[in-house]
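Everything quoted here is computed from the prediction, not taken from an experiment. Below, chain A is the first sequence line, B the second, and so on; all start at residue 1.
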Amino acid sequence: MGVGKPMEGTYGVIAEFSDAQSLLDAANATREAGYKNFDAYSPFPIHGLSEAVGFHHTKLSSIVLAMGAIGGIGGYFMCWYANVISYPLNIGGKPFNSWPAWIPITFECTILLAAFGAVFGMLALNGLPMPYHPVFNVKRFEQASRDRFFLVIQSRDPKFEVDRVFNFLETLHPREVSDVPW
Amino acid sequence: MGQIFHRSANTISRVTIFGAIFFVGFILWVIGGIIRSPFFTNQGVQREQPIPFSHQHHVAGLGIDCRYCHTSVETSSFAGIPPTQTCMNCHAQIWTNAEMLEPVRASFANNKPIVWSRVHRLPDFVHFYHSIHINKGIGCATCHGRIDKMALTFQAAPLTMEWCISCHRAPEKYVRPRNQVFNMAYVPVNQEEDGPRLVKEYKIQKLTACSTCHY
Amino acid sequence: MSDKELDFKQFRQRIGDLRGREYWRSLEELARSDAFDEFFQEEFPRQAVALGNGVDRRNFIKLMGASVAAAGLAACRQPEQSIIPYVKQPENLVPGRPMFFASAVMLGGYASGVLVESHEFHPTKIEGNPDHPSSLGASDAFMQASILGLYDPDRSQVVRKFGDTSTWSEFIAALQPVLNAAKTNGGGLRLLTQTITSPTLGAQIQQLLGMFPGMKWHQWEAANRDNVREGARMAFGSYADVHYDFTKANVVVSLGSNFLDEGPGHLRYARDFASRRRVRKGTTSMNRLYAIESSMSSTGSLADHRLRIKPSQMEATARELMAGSGSEWIAAAARDLKANAGKSVVIAGDEQPAIVHAIAHAINAQLGNIGSTVFVTDSAEVAPVNQLESLRELTTDMHNGVVKALVILGGDPVFDAPADFQFHTAMNKVPFRAHLSLYYNDTSMLSHWHIPEVHTLETWGDARAHDGTVSIIQPLIAPLYNGRSPIEVLGTLIGGLDQSPYDAVRAYWFAKGGNEQTWRKWLHDGLIEGSALPTRAASASAPPATAQPSNPATGSLELEIRPDPTLHDGRFANNAWLQELPKPQTRIVWDNVLLLSPATADRLNVRPDDNDVNEKRTWIVNVSYHGVAIELPVWVVPGHADDVATVFFGFNPKSRGKVAHGSGFDVFPLRFSDALHGGAGVEIKKSDRPLYPIACTQEHQSIDPKQIGERGIIQSATFAEFVKNPDFAHEGRREEEAREEANQSMYPKVEYPQYRWAMSIDTSVCTGCNGCVIACVSENNIAVVGKEEVHREREMHWLRIDRYYKGSPENPEVYHQPVPCQQCENAPCEPVCPVEATSHSGDGLNDMTYNRCVGTRYCSNNCPYKVRRFNFFHYSDYDTESLKPMRNPHVTVRTRGVMEKCTYCVQRLTAAKIDAERGDRRVRDGEVTTACAQACPTEAIVFGDLNDPNSRVSQLKLEPTDYSLLPELNTHPRTTYLATIKNPNPEIKA
Amino acid sequence: MAGIDEQQPVHEVRPTTQADKIPTRFIPQPTLEPGHTFASITDHISSIVLRRTMPIGWIIGFGISCVLLTVLGAAITKLLFVGVGIWGINHPVGWGFDILNFVWWIGIGHAGTLISAILLLLRQEWRTSINRFAEAMTLFAVASAGLYPALHTGRPWYDYWLFPYPNTMGLWPQFRSPLMWDVFAVSTYATVSLLFWYVGLVPDLATLRDRSRNRIGRFIYGMGSLGWRGSAQHWHRYEHAYLLLAGLSTPLVLSVHTIVSFDFAVAQVPGWHSTFFPPYFVAGAVYAGFAMVLTLAIPARKMFKLEDFITMKHLENMGKVMLATGLIVFYAYITEAFYAYYSGNPFERYMMWNRIFGPYWVMYWMLILCNGLAPQLMWIKRCRSSAGWLFFTAMFVNVGMWLERFVIIPESLHRDFLPSSWGMYHGTRWDWAMYIGSIGLFFFLLFLFLRFLPMISIFEMRTMLPEAKPHAEEGAH
């Protein structure tokens with residue numbers, strides 16, 4: 001989504017709904033109407049909404065797995081390098097490579113990096129942080145974090161034409177429709 | 001309410017988050033540098049001395065052997081600093097009225113030791129034996145650098161534990177024939193072969209246990 | 001290598017104007033017992049200890065924290081430092097290498113030969129002189145601690161006139177009129193000294209007596225040996241010294257004698273005695289010791305049979321022994337003696353009345369021991385006298401104003417003279433009083449003139465050993481505090497003004513046929529060969545029959561007054577090492593207590609309940625005796641004779657030093673000339689004082705023997721049992737032992753190809769004398785922490801001697817077990833350290849790297865032997881200048897917050913290994929040993945290399961009695977023990 | 001709609017128990033009182049944060065915790081300048097209050113992660129209204145806990161040696177040491193909990209951003225919310241990440257107290273050296289944690305009128321968890337004693353005997369009372385469903401868990417293998433100062449949290465309403 005750089009015209013057209021059900025229906029309708037670049041906004045996760053806006057799976061899991069693997073291997077390597085390669089010392093008659101003793105640290109490192117993967121992966125994929133976004137230009141959008149539900153059809157959608165989008169959205173019985181300036 | 005933030009906020013926020021990581025890394029790298037720098041290690045720092053004694057002149061110029069002054073270096077932990085008498089052995093005859101040597105004569109005359117400012121100094125909890133290093137074929141220059149090129153003596157090596165250990169782990173890289181120990185200008189011909197041979201010959205152990213130096 | 005002061009002149013200069021308040025103030029506070037309330041405990045000594053010291057490097061870092069210490073101590077910004085070379089380097093000094101000088105230190109006038117380790121002419125450590133007959137290389141706590149005595153900043157440092165600073169020359173000036181007067185009107189001039197065996201001094205005094213007709217010489221020591229002298233005179237007709245050869249004695253009966261730990265020659269006696277007590281594979285015989293005594297002594301604790309009697313019963317008991325009559329016990333002992341006629345010894349204790357000594361001599365004569373195990377020589381003293389009578393005469397004269405001038409050489413009679421002499425009032429009647437002593441003490445305060453005395457290690461002199469052997473005493477360091485030696489003082493009295501001690505001693509011995517060669521040899525050897533006094537053929541006359549002392553009915557309490565085992569007569573009261581040294585039997589430090597047997601304590605109901613003892617607090621009791629009443633803390637000890645209250649003198653002189661002041665209780669007020677060593681008629685009542693804190697390093701008085709047994713800490717058997725089953729030490733622990741042998745471990749065994757240092761400790765011959773403990777303190781710069789910290793169980797001694805009781809609390813068997821770091825091969829302390837501060841060396845030593853330690857204390861928690869010691873505060877004194885040269889330069893002085901522990905004296909091992917390497921050889925057995933092993937009088941501790949199959953220690957590890965502590969933990973200690981073997985008389989049932 | 005009165009919620013709160021005649025136990029207890037809308041939830045919770053003044057209870061509480069915080073400051077200053085000797089530790093007893101309190105705090109922390117992670121995975125809806133609160137508690141407990149390992153060392157200014165970094169000594173930490181495991185476990189735990197908590201906060205911060213009426217508030221909450229706008233895709237990834245985090249935190253929280261227990265189990269001190277410490281400690285941790293949640297939640301819900309959101313059902317459920325874990329812990333005590341007896345090992349036997357009849361017998365029996373018997377009250381419905389009784393029991397458990405650590409740590413050390421080195425241990429005034437101070441720190445942070453952040457997850461509460469679950473259209477998935 002080409003957010004941030006100033007553009008001519010509008011970012012899109014926004015429709016406000018009063019409950020989750022109608023937003024979900026609207027989203028489905030929009031998709032069936034053939035729109036691609038549109039998004040729905042709700043104060044809480046709505047089951048099935050993301051599918052409705054045509055978004056199915058995320059690669060978050062694989063990121064987390066990868067990070068976890070790196071953490072685990074890295075953790076063990078750290079112990080091994082420090083106590084076997086770099087400066088081996090006879091500690092209480094134990095062998096240099098006391099692998100059982102290094103499992104806890106290996107484990108913790110796995111978790112730590114996996115967690116980083118989950119959080120920062122999620123933020124990155126969501127393109128956050130993004131304090132500025134055109135939708136905020138819409139005054140009533142502040143209710144999106146309370147009890148209002150919004151649907152935005154973006155101007156970069158190939159089928160986008162302001163009047164037709166307006167008309168289309170009106171058909172979905174929104175509380176009101178307005179455009180989203182840049 | 002509308003927008004709270006300006007467009008640029010997006011870029012700024014991401015850059016700061018990213019930048020922070022690199023910034024911290026950079027700081028750590030700088031600290032790492034500082035603790036190895038002469039500021040901490042005193043490497044290469046020349047100290048004010050009561051008498052501008054020049055090893056260059058005495059060693060390179062006059063060819064005096066290290067052991068002439070540092071008498072106990074082969075037998076003791078401590079190399080020994082020459083008593084004033086040692087200076088007077090020669091300076092009773094030569095440069096007898098050199099301005100520079102006044103403190104020496106003064107010291108000898110009224111039996112007041114010359115107070116030198118210490119150049120090589122290990123912390124109290126490090127116990128170092130000169131004798132064994134000399135006897136195992138570690139040259140003076142290996143640690144003290146080219147003393148014979150120093151007008152005013154300074155500390156050639158960082159004297160960090162890292163540095164000590166590097167030799168204790170791989171003596172074959174630094175060992176030299178015993179007869180070359182006091183030779184400042186010694187350059188190894190082929191250390192790759194001589195090193196391991198001498199290590200075997202001199203029965204040099206790779207001592208990295210803590211109590212080798214700390215007790 | 002710290003910056004070494006290479007010029008002792010300069011150093012001495014600095015000493016002159018430094019007092020080192022900090023260390024001593026804090027210690028004083030720590031040691032002050034009455035200031036023991038919470039607030040004090042919490043607040044004050046802390047400041048003194050931790051913040052008191054100046055901004056030395058460590059402190060700086062400590063306060064600045066991590067910011068400065070970014071790279072650890074090793075690499076922090078170093079302050080400019082100066083190094084000072086000699087102007088003219090003394091011959092045969094090798095900077096950085098210690099030199100050893102033979103000399104002697106004295107106790108009660110008698111010399112023990114020592115070797116003094118000296119770094120750049122700073123004596124740092126004292127060892128016994130192997131060639132000297134009374135030490136044979138061993139050393140006791142007093143010898144070791146005399147090093148601290150030398151550097152003690154509280155030593156008197158200036159001549160004082162009426163307490164104000166004065167000078168030596170002024171003193172001499174003031175002396176002249178007195179001497180002139182004395183010359184003319186004869187008497188009035190008196191000399192009071194302690195026991196003197198120094199031939200030089202003797203000669204000087206004789207000369208003096210010749211110069212001043214009518215002048216009198218008196219001798220006094222609080223812990224004197226009058227009874228020994230008088231006993232010998234009774235038996236042999238004239239004063240004589242009696243000494244013993246325990247190597248030939250199969251049976252020894254001690255009549256209240258602590259010959260293993262006290263008196264001239266005790267080191268020699270202990271060594272000889274032990275030589276007959278070590279049981280090894282195939283040993284066929286072992287000596288047997290009967291001890292008859294009132295309070296448990298080191299000797300008593302080693303005895304095979306111990307009889308508890310009241311002091312008043314000693315004579316009767318001795319006579320019974322002589323007659324072979326009396327109780328079953330006595331009869332059996334007598335039979336045993338007879339059976340070993342000529343190969344036995346009966347020895348009486350210094351505190352026992354003369355008659356008991358006479359009887360002992362008579363018995364020895366009867367048994368034909370004299371000449372075989374008992375030897376009589378002329379007295380080693382210059383002029384043996386009955387010191388009590390001598391002092392009585394002096395004091396009476398003083399009271400009567402006869403004494404016009406009194407010169408006191410050493411000692412502190414005002415503090416330690418019998419109470420009824422009223423010596424202090426007598427003092428005031430003397431117009432001219434001069435006093436020479438190490439400290440500005442009670443007597444000095446009452447003297448017109450006080451002259452600081454030199455320490456034995458600072459001056460020239462000579463003295464005789466227990467067998468008369470003469471040692472020349474040579475100075476190890478120039479006098480730190482401008483002190484004068486007795487020789488000098490006498491010299492001035494005689495008139496030869498500038499006769500230095502050196503000249504005097506040389507002159508005397510050259511006159512005796514010495515010459516430059518012999519002189520050098522004497523100095524080198526530390527003794528004059530063949531100067532031992534010849535034994536004289538003697539036959540002891542039968543002891544005069546005295547009116548049988550009326551056996552006081554049981555229940556009437558008797559008081560026993562003894563010199564303190566670690567402060568002697570109080571001359572060591574200002575020695576922090578000895579103050580903090582656990583008393584051999586009670587393990588109490590910084591205090592003296594009133595000892596009672598459990599039964600007696602119950603009878604008088606002054607027995608604190610176990611809870612209090614657990615908290616190491618006890619009751620204060622009122623002790624009234626001969627109309628004098630003092631308060632003392634009461635302490636109940638097993639094995640103490642019933643109806644006997646034992647107290648120890650030497651504590652808390654009014655003035656002396658900051659350490660001595662306020663520690664313990666002065667019991668000299670209870671000491672009367674008619675009963676120097678106590679007597680009947682003492683009354684003890686519980687006072688209403690609050691519980692008094694006692695710092696005791698082993699708090700549990702009696703341990704449930706089952707616990708010890710189950711834990712297999714102490715292994716013991718009788719000789720008979722040993723012969724039957726040499727392997728007894730492993731009985732019942734077979735399976736653990738087996739597992740240990742098989743070393744069933746997940747991990748491969750680590751190999752130690754170079755050296756495998758190890759230690760073997762024979763508990764059979766350990767007397768618990770503490771020699772090893774102080775040797776360790778001295779060798780390893782171990783800090784003194786003070787009473788309060790010890791009370792909080794924070795003592796720092798690396799080597800402790802555990803004491804266990806077995807059997808009835810009335811008269812238990814005692815076991816001593818020295819516990820240094822066990823140097824486990826599978827050390828439990830190491831894997832738990834997060835920073836590699838403790839690890840294993842190539843020789844299998846359990847290294848402790850102080851500078852890496854962050855102080856998590858996890859290692860100490862995980863040490864099953866609890867031998868690790870933690871610096872809870874900044875215990876080491878970094879400031880007191882006078883103490884710096886005392887420290888062993890080859891051992892790091894530990895800072896606050898780090899763990900420390902026994903290192904097997906790794907600094908010695910390193911030095912020895914390096915010397916060996918330079919010679920391209922291995923370290924030979926016996927070439928290097930630990931401080932404790934070197935000091936041990938009975939050679940109970942043996943140290944060496946296990947990789948050398950012929951080393952003594954490897955041999956000992958093969959002994960069947962060899963066992964390790966807590967083997968089931970599979971720690972593989974390098975320190976192991978030899979089981980205790982006692983040799984009871986089958987005729988006596990325990 | 002726009003103008004929300006900042007002083008107090010527009011929507012007033014109804015009393016919790018509506019029916020007076022019918023005994024409460026016949027009323028099915030809801031996890032959210034009926035009659036709420038998205039708006040009412042949002043407004044009520046956010047208004048707690050956005051209004052200007054706080055209830056008097058908050059002000060007093062905050063004041064007190066500030067005072068305690070200064071006590072902590074004093075204790076730490078003294079410690080750094082004088083040394084750990086100001087504490088009661090000595091030679092047999094190397095660890096006293098320091099490690100004791102560390103374990104106590106860490107244990108308390110565990111409930112938060114447990115509630116937010118494990119109960120989430122178990123689809124326990126009722127967790128929603130307490131998880132934010134519990135997670136915050138976790139963080140602050142870990143912060144207090146962290147003080148101790150950092151300051152218990154003899155030379156705290158060298159603590160950084162416990163982290164692996166290239167240094168001029170060429171040395172590394174010794175990774176075989178359980179203390180190193182602690183370093184990693186605790187720091188990981190702290191980090192992950194923080195992330196988890198923050199991720200949970202993001203949508204609510206967005207809510208606050210949109211509700212806040214002053215610029216600074218908008219700016220700060222705006223930054224915190226990272227520009228969250230509730231886009232469907234975002235929600236999708238968000239829920240995914242949240243679930244993954246929960247999945248990661250669950251083994252993490254178990255591992256943390258397992259590793260803490262290794263500090264003891266790996267050592268060979270009798271009373272420490274025991275294989276069943278990990279489960280025993282984890283159970284104890286959850287136990288302590290829930291007790292602390294109750295201790296905090298009960299007053300908090302009064303103070304901020306949250307009876308609608310934190311209902312009796314929550315409290316009762318927590319009571320049940322407390323009972324369950326309490327029984328596990330009690331069982332552990334019994335097992336411990338049995339092991340000691342059955343091992344036949346003299347050291348173990350004596351250790352147990354010493355705990356029960358030795359000088360510290362009071363501690364042991366108090367422990368049994370607080371941790372073993374007190375929670376049995378939870379069998380009784382009336383106690384379980386009365387805030388008063390729950391609070392009472394929870395307090396007992398808080399004390400009990402502290403005693404448990406005292407019994408385990410100093411008491412095992414003070415009489416171990418060689419009787420000659422036995423000793424006694426008592427906390428000094430400075431020990432107590434540190435302890436009270438760390439409590440101060442905990443509450444200080446907690447009160448700040450209550451002031452500036454929503455103590456209940458608003459967006460999750462919204463999902464609890466029936467309207468939040470639209471039936472998906474055909475073809476939706």
Side-chain angles (χ1 to χ4, degrees), chain C residues 42 46-47 50-51 61-63 65-66 69 71-72 74-75 611 614-615 698-700 703 707-708 710-711 713 792-795 800 802-804 817 819 828 831-836 852-858 860-862 864-866 869-874 896-899 965-966 969, chain D residues 78 80-95 149 152-162 167-169 171-180 182-183 263 266-269 272 345-347 349-350 359 413 416-425 428-430:
Chain C
E42 284 304 324
R46 302 289 169 278
Q47 312 299 1
L51 296 178
I61 287 163
K62 186 167 64 200
L63 301 183
N611 223 355
N614 241 340
E615 303 292 324
Q698 190 179 343
E699 82 186 36
H700 288 260
I703 304 292
Q707 283 295 332
I708 310 302
E710 274 182 344
R711 296 174 181 225
I713 296 165
R792 302 172 95 198
E793 293 148 46
R794 293 171 176 183
E795 66 273 10
R800 65 170 195 266
D802 290 348
R803 184 253 303 110
Y804 295 110
Q817 184 176 51
V819 184
V832 297
C833 174
V835 291
E836 290 176 334
R852 177 67 176 174
C853 178
V854 296
T856 66
R857 304 182 295 284
Y858 200 170
S860 166
N861 290 346
N862 206 29
Y865 311 100
K866 287 287 176 286
R869 297 285 176 258
F870 186 68
N871 290 272
F872 292 93
F873 290 114
H874 197 64
R896 159 193 149 195
V898 306
M899 192 61 73
L965 275 184
L966 311 170
L969 297 180
Chain D
K78 174 92 175 177
L80 290 180
F81 274 82
V82 181
V84 288
I86 61 172
W87 293 340
I89 46 178
N90 54 29
H91 275 134
V93 186
W95 285 349
H152 92 289
T153 56
R155 303 197 290 174
W157 48 94
Y158 287 132
D159 282 351
Y160 64 91
W161 282 350
L162 271 79
N167 52 45
T168 52
M169 298 166 280
L171 280 174
W172 297 96
Q174 204 276 98
F175 291 108
R176 295 174 190 82
S177 166
L179 287 182
M180 282 312 297
D182 271 351
V183 170
D263 288 347
V266 167
Q268 57 181 346
V269 180
W272 285 12
N345 172 329
F347 309 115
R349 280 186 176 177
Y350 180 80
L413 284 170
D416 65 347
F417 295 94
L418 298 186
S420 59
S421 51
W422 286 356
M424 297 293 288
Y425 171 80
T428 64
R429 70 167 71 168
W430 291 109

If one checks every heavy atom of D/Asp182 against chain C at 4.5 Å, the contacting part turns out to be neither
Under 4.5 Å to a heavy atom of chain D? For C/Ser860 that would be side chain
Residues D/Val84 and C/Arg857: closest non-hydrogen pair is CG2-NH1, 4.0 Å
Heavy-atom closest pair (C/Leu965 atom, D/Leu418 atom, distance to 0.1 Å) is CD1-CD1, 4.1 Å
Item to check | Polar contact flag, side-chain donor to acceptor under 3.5 angstrom, D/Ser420-C/Tyr804 | outcome: yes
Are the ring centres of D/Phe417 and C/Tyr865 closer than 6.0 Å? no
Assert top hit (heavy-atom pairs under 4.5 Å, partner chain D, pool C/Glu836, C/Arg852, C/Gln817, C/Met899) equals C/Arg852
Under 4.5 Å to a heavy atom of chain D? For C/Arg800 that would be side chain
Of C/Asp802, C/Thr856, C/Val835, the largest count of non-hydrogen pairs under 4.5 angstrom with chain D goes to C/Thr856
Comparing D/Pro156, D/Gly88, D/Pro178 against chain C, the one with the most heavy-atom pairs below 4.5 Å turns out to be D/Pro178
Per-residue tally against chain C (heavy atom, under 4.5 Å) across D/Val269, D/Leu171, D/Val183 peaks at D/Leu171
Most heavy-atom pairs under 4.5 Å with chain C, out of D/Tyr425, D/Phe175, D/Trp87, belong to D/Trp87
One option among D/Asp159, D/Asp263, D/Asn167, D/Asn345 has the most heavy-atom pairs under 4.5 Å with chain C, and it is D/Asp263
d(D/Asp416 CG, C/Lys866 NZ) to nearest 0.5 Å is 4.0 Å
| request: Evaluate the ring planes of D/Trp95 and C/Tyr858, with Trp represented by its six-membered ring, and classify them as parallel (under 30°), tilted (30 to 60°) or perpendicular (over 60°). | output: tilted
Ring centres under 6.0 Å, that's the criterion: do C/Phe872 and D/His91 meet it? yes
